[in-house]
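Only a predicted model underlies this, so the values are computations on that prediction, with no experimental measurement involved. Within every chain, numbering begins at 1; the chains are lettered A, B, ... in the order of the sequence lines, protein sequences first and strands thereafter.
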Amino acid sequence: MNKESIFRNKDALSIKYSPEKIYHRDEQINALSRILAPMLRNEKPSNVFIYGLTGTGKTLVTTYVTTNLENFTIKHNIPLKVLFVNCKMKKVADTEYRLLAYLSSLLGEGVPATGLPTDEVYRRFYSALENIGGNVVIVLDEIDALVKKVGDELLYNFTRMCETIKDVNLSLIGISNDLSFMEYLDARVKSSLSEEEIIFPPYNYEQLKDILFDRAMVAFNPGKIDEAAITKCAALAAQEHGDARRALDLLRIAGEIAERNGDERVVEKHIDLAEEKLDLDRMSEAARVLPKHSKIVLYTVLCLLRNRDKVLTGDIQKYYEHICEQLGVRPLTQRRISDIIAELDMQGLINASVISKGRYGRTREITLSLSKATHDKILLQLKQELDL
DNA sequence: AGTCCACAGGAAGGGCAGGCGA
DNA sequence: TCGCCTGCCCTTCCTGTGGACT
């Protein structure tokens, strides 16, 4: 209690924090503002498609612009409603039905979590929209995840809705991490959704430094963090496609580690420790919430990769069945295991790539990119969770 | 040039749970 | 309570495929 804390305002390093100044995104802010401006004259704006890798400020800029827009319209008495949805939110907006139900609830129209036919949910959503009237902006964050899961028919319906609905200026903002995502779409959806496109390039080292120094000023007490630690953070994040979110996480965790160790200030060493911890935490949490059979498959992969650097689907299948026998559970079929491996790959828990071994068949080659310590800890965690 | 392996991955559908409305 | 709907997990059946081998 007597010691001065390292942090002054830790929230400044979280993703929920909206900084006073957004660095190196003036171009994108202006572009989005110009696109949405027609709403201020009660005219329908274009739909917008926003691309950029994780941690490039897409969501930050979008919320910044829409919040300012809302504040302005409240002052000038212009009807505007902004609906923000993260399509990756499990059990909330990851299917067509749930997304519509969630949007309807934001508009004040209750829709049960399941049970209704989809056309009825659409009908309720339409009527909620028409009741609200005026200007409505729907922001679909991580839209690529949704489309990959449920197809593009939903977007087709949405874009049709933009054109047909009465008395409402409806505009869609789609945000995606995946640059190739547009290729999956139906041509009509593509042209309608991307009337306007805004691209968020990755931050470079210098830009990340500006952002981190700015946030560190707010987050840490004076003299509690080394300049070298911040530049190291920026350098690490710049290597990883300029992900500002990761850089901020690193800084926050480094601060926490320093505080816990009772150190005076945050130095480079703490950043290294933070990087290790970040990897472990991400893996550990992802592994913890996996369904049972996915856990067994992950456990299998970790076991097999303890003394070699790659495994194939067939090896996993055999060992998986062996573990299932040990546990006394009925093993799933190869078809399902193939999907589970693909799911684990999608989540970044393993790296799987399809390769051909000529006359020895086509298969997936699975590797890991974990430190030895993380590997062992996750293996142990799964072993305990599975009761092995 | 043709064969053939060991899967990948699409399609269809079963079965169960959760929920609504009559 | 019953009929119906969606979501989810899974199986079965099937076709497709890259490239080493013959």
Side-chain angles (χ1 to χ4, degrees), chain A residues 85-105 108-128 142 144-155 157-158 178 180-181 183-186 286-301 304-305 308 310-325 327-347 349-367 386:
Chain A
V85 195
N86 185 327
C87 303
K88 247 191 179 166
M89 274 202 285
K90 282 255 160 79
K91 312 281 181 196
V92 174
D94 56 347
T95 66
E96 183 177 24
Y97 187 104
R98 284 177 179 160
L99 176 65
L100 287 165
Y102 180 68
L103 288 172
S104 303
S105 76
E109 170 84 40
V111 174
T114 71
L116 296 182
T118 312
D119 57 345
E120 170 64 16
V121 189
Y122 268 105
R123 202 193 55 72
R124 291 199 187 182
F125 179 54
Y126 283 148
S127 79
E142 314 227 32
D144 48 322
L146 182 69
V147 170
K148 269 183 205 150
K149 199 165 167 211
V150 301
D152 62 355
E153 203 178 312
L154 167 77
L155 286 185
N157 292 338
F158 265 73
D178 183 354
S180 63
F181 155 72
E183 291 163 22
Y184 304 120
L185 294 182
D186 181 282
R288 196 179 60 77
V289 297
L290 286 176
K292 185 163 187 182
H293 283 276
S294 303
K295 268 187 193 162
I296 303 177
V297 173
L298 182 60
Y299 176 77
T300 304
V301 172
L304 291 173
L305 285 176
R308 42 182 151 153
K310 55 190 165 194
V311 280
L312 308 176
T313 305
D315 307 333
I316 294 174
Q317 182 71 28
K318 268 185 238 144
Y319 196 69
Y320 159 81
E321 282 169 10
H322 168 71
I323 303 271
C324 281
E325 201 180 317
L327 287 169
V329 291
R330 196 165 61 92
L332 302 178
T333 56
Q334 186 240 311
R335 178 69 189 85
R336 181 68 191 126
I337 298 305
S338 170
D339 276 344
I340 289 179
I341 292 173
E343 286 162 22
L344 294 175
D345 180 37
M346 276 270 286
Q347 291 184 45
L349 290 166
I350 59 176
N351 310 315
S353 50
V354 178
I355 56 154
S356 173
K357 287 156 53 68
R359 66 162 299 151
Y360 301 108
R362 222 162 76 99
T363 182
R364 275 207 189 86
E365 188 177 83
I366 291 106
T367 56
L386 290 169

Trainee: Looking at C:dT17, does its base get a donor-acceptor pair with the side chain of A:Arg362 below 3.5 Å?
Mentor: yes

Trainee: Indicate yes or no: does A:Asp315 engage A:Lys310 in a salt bridge with an N to O separation below 4.0 Å.
Mentor: no

Trainee: Give a yes/no answer on whether the side chain of A:Ser338 brings an N or O atom under 4.0 Å of OP1 or OP2 in B:dA8.
Mentor: yes

Trainee: Output the rounded distance in Å from NE2 (A:His293) to C1' (C:dC8).
Mentor: 14 Å

Trainee: Nearest whole angstrom, please: distance from the C1' of C:dT12 to the CG of A:Asp339.
Mentor: 14 Å

Trainee: Would A:Arg330 and A:Glu325 pass as an ion pair if we require N to O under 4.0 Å?
Mentor: no

Trainee: Check nucleotides 20-22 of chain C against the protein and report each pair of N or O atoms closer than 3.5 Å, with its distance, or say if there are none.
Mentor:
residue, atom, partner, partner atom, Å
C:dA20, O4', A:Arg359, N, 3.3

Trainee: A:Arg335 or A:Gly314: which one's nearest nucleotide on DNA chain B is closer to the 5' end?
Mentor: A:Gly314

Trainee: Applying side chain to side chain contact (heavy atoms under 4.5 Å, CB included) to A:Arg362 and A:Val354, what does each step give before you reach the verdict?
Mentor: CA-CA 7 Å; A:Arg362 222 162 76 99; A:Val354 178; 3.7 Å; yes

Trainee: Could you pull out the closest heavy-atom pair between A:Arg336 and A:Glu343, with the gap in Å?
Mentor: NH1-OE2, 3.3 Å

Trainee: Surrounding NZ of A:Lys357 (heavy atoms of other residues, nucleotides or ligands, distance under 6.0 Å), is the total greater than 12?
Mentor: no

Trainee: Can you tell which of C:dT11, C:dC10, B:dG21 lies closest to the side chain of A:Thr333?
Mentor: C:dT11

Trainee: Given atom CG of A:Leu100 and atom C1' of C:dG7, what is their separation to the nearest angstrom?
Mentor: 15 Å

Trainee: From OH of A:Tyr122 over to C1' of C:dC5, roughly how many Å is that when rounded to an integer?
Mentor: 16 Å

Trainee: Does the side chain of A:Val329 come within less than 4.5 Å of A:Ile296's, by heavy atoms?
Mentor: yes

Trainee: Give the rounded distance in Å between these two atoms: CD1 of A:Ile337 and C1' of C:dT11.
Mentor: 12 Å

Trainee: Within this structure, what is the OH-CD1 distance for the pair A:Tyr320 and A:Ile337, rounded to the nearest 0.5 Å?
Mentor: 4.0 Å

Trainee: Does A:Arg364 get its side chain close enough to the base of B:dG9, under 3.5 Å, for a donor-acceptor pair?
Mentor: no

Trainee: For A:Gln334 and B:dC5, what is the distance between atoms CD and P respectively, to the nearest whole Å?
Mentor: 15 Å

Trainee: Send over the distance from A:Arg330 CZ to C:dT12 C1', rounded to a whole Å.
Mentor: 13 Å

Trainee: Can you tell me the distance, in whole Å, between the CD1 atom of A:Ile355 and the C1' atom of B:dG9?
Mentor: 17 Å

